[in-house]
2 protein chains.
Amino acid sequence: MKMVFNNKRSFMKSEFEQGHHWCRHRVKGCGFRMTIGREAVLDVLSRTEDHLSAEDIYMLVHETYPAIGLTSVYRTLDMLVNIGLVYKFDFGDGRARFELAEGPKGKDHHHHLVCTGCGRIVNYRDFIDEEVALLKKTEEGLSKKYNFAITNHLIQFYGLCEGCRKK
Amino acid sequence: MKMVFNNKRSFMKSEFEQGHHWCRHRVKGCGFRMTIGREAVLDVLSRTEDHLSAEDIYMLVHETYPAIGLTSVYRTLDMLVNIGLVYKFDFGDGRARFELAEGPKGKDHHHHLVCTGCGRIVNYRDFIDEEVALLKKTEEGLSKKYNFAITNHLIQFYGLCEGCRKK
DNA sequence: CTTGTTATTGAAAACCATTTTCATGTGCAA
DNA sequence: TTGCACATGAAAATGGTTTTCAATAACAAG
Ligand SMILES: [Mn+2]
Ligand SMILES: [Mn+2]
Ligand SMILES: [Zn+2]
Ligand SMILES: [Zn+2]
């Protein structure tokens, strides 16, 4: 009994808990309970730059918290996407991929470069200044013209990486 | 026998056959046979601005060519996407959506405005001049920096349309 | 117009990521 | 500590898409 409790504590003592404490507040602020599974999913997402599938996340969480079920991973991801803490992508390989949305400082926003040969995905953050300005300008133009309240955008470039081109 | 043949001819006599003849050449040029089903799928796609699912297309083709099967629609779409005649999109409703790629003049390229409330999709063609220039510039920068041969891009803005905002 | 070769097809079954169901467990406000 | 609404896991269901396979049709050659 005590062992189990200790396991839980040691599991929760993670870099995530220290560094991304605000995520928990957001979850609770939206009226959801902060469970071990939800924390573990956020923890996995906060430790990687990759674009993990639900099953990827399930397997990674499973390493430190074997009691979790795949169903809960799906449910947690769905909730996190709904409250805006996580982005959900489709890169065309038949399964959804997830990444943590930018923190409160919003400094981590990026776009994607996708290799249609091997599926490799590059996170691309080095926007030109013009690019940021134009994006905002375009959003304003579209908002006015089509009467949309624009909240987000998706920008992906497709092509062949060096390795895939040499074949 | 003659009736059947006449049916085929009358089916093929469509605005599409006159206006989008080049599509057929592209299909045959890639080593594929031009069948009635394939022609009918291209015909449906060429007549709409909408973003049809495979089943939408199946039902529309079925009206003039009831012999077609859903399987063939999927296979045809897959082939058309592979040779670049059709674009495949995921707007997050669990089914793929398709639209005819721009013609040889390439004047029909557009981006999308997606309402996350009702799923409405606006085709948005009125690019600012800067936008086009910057897009090209960005592609060049990315090509060089990450050694990618960029062939395409996907740009979508998400938000709430007027109707969905009033609720 | 035939014919022969093969790509193509439709129906049915398989696939597989995701969702639903439902009985059990747990976070947390009181 | 307690109660209960919310959250969970296992198993089954769902549903869009793909695979299988025997039958068919496109089309190049004659
Ligand atoms: Mn990313
Ligand atoms: Mn469109
Ligand atoms: Zn590649
Ligand atoms: Zn709407």
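As the structure is a prediction and not an experimental result, all values here were calculated from the model.
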Between A/T76 and B/R97, who's closer to the 5' end of DNA chain D by nearest nucleotide?
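It is A/T76, whose closest nucleotide lies nearer the 5' terminus.
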Open item on the list: With nearest nucleotide decided by heavy atoms, which residue, A/I68 or B/S53, maps closer to the 5′ end of DNA chain D?
Closed with: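 With A/I68 and B/S53 compared, the 5'-side residue is A/I68.
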### Query
Using 30° and 60° as the class limits, which term best fits the ring planes of B/H109 and B/H111: parallel, tilted or perpendicular?
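Perpendicular: the ring planes of B/H109 and B/H111 meet at over 60°.
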For atom [atom1] of [X] and atom [atom2] of [N], their distance in whole Å:
X     : N      : atom1 : atom2 : result
A/D93 : C/dC15 : CG    : C1'   : 16 Å
A/R95 : D/dG16 : CZ    : P     : 19 Å
A/M79 : C/dG27 : CE    : C1'   : 13 Å
A/I36 : C/dG25 : CD1   : P     : 15 Å
B/L77 : C/dT8  : CG    : P     : 15 Å
B/L52 : D/dG16 : CG    : P     : 15 Å
A/M59 : C/dA17 : CE    : P     : 11 Å
A/D56 : C/dA17 : CG    : P     : 11 Å

key: With A/K145 via salt bridge (Lys or Arg N to Asp or Glu O under 4.0 Å) - residues at least two apart   =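 Result, salt bridge (Lys or Arg N to Asp or Glu O under 4.0 Å) vs A/K145: B/D126.
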message: ring pair (Phe, Tyr, Trp, His ring centres under 6.0 Å) for A/H112 and A/F157? Distances and angles first, verdict last.
response: CA-CA 6 Å; A/H112 293 127; A/F157 290 92; over 10 Å; no
Does [N] have its OP1 or OP2 closer than 4.0 Å to a side-chain nitrogen or oxygen of [X]?
X     : N      : value
B/R38 : C/dT8  : yes
A/Y74 : C/dT19 : no
B/K28 : D/dC27 : yes
A/R75 : D/dA7  : no
A/T35 : D/dT8  : yes

Counting only side-chain heavy atoms from C-beta out, which of D/dA7, D/dA26, C/dG10 sits nearest to B/T71?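 Looking only at side-chain atoms, B/T71 lies closest to C/dG10.
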Looking at C/dT18, C/dA17, D/dG9, which one has an atom nearest to any side-chain atom of A/A96?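 Within the option list, the nearest is C/dT18.
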- May I ask you to say what B/G31 touches in the nucleic acid, namely base, sugar-phosphate or nothing, with a heavy-atom cut-off under 4.0 Å?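 The answer is nothing, as B/G31 stays clear of every strand by at least 4.0 Å.
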message: Between D/dA5 and A/R33, counting only base atoms on the nucleotide and side-chain atoms on the residue, is there a donor-acceptor pair under 3.5 Å?
response: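 For A/R33, whose side chain was compared with the base of D/dA5, there is a donor-acceptor pair (under 3.5 Å).
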Worksheet item: Can you name the ring pair (Phe, Tyr, Trp, His ring centres under 6.0 Å) partners of A/F32, sequence neighbours left out?
Response: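 Not a single residue meets the ring pair (Phe, Tyr, Trp, His ring centres under 6.0 Å) criterion with A/F32.
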Exercise. Kindly say whether B/N147 contributes a backbone atom to a donor-acceptor pair with the side chain of A/R165 at under 3.5 angstrom?
Key: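 Present.
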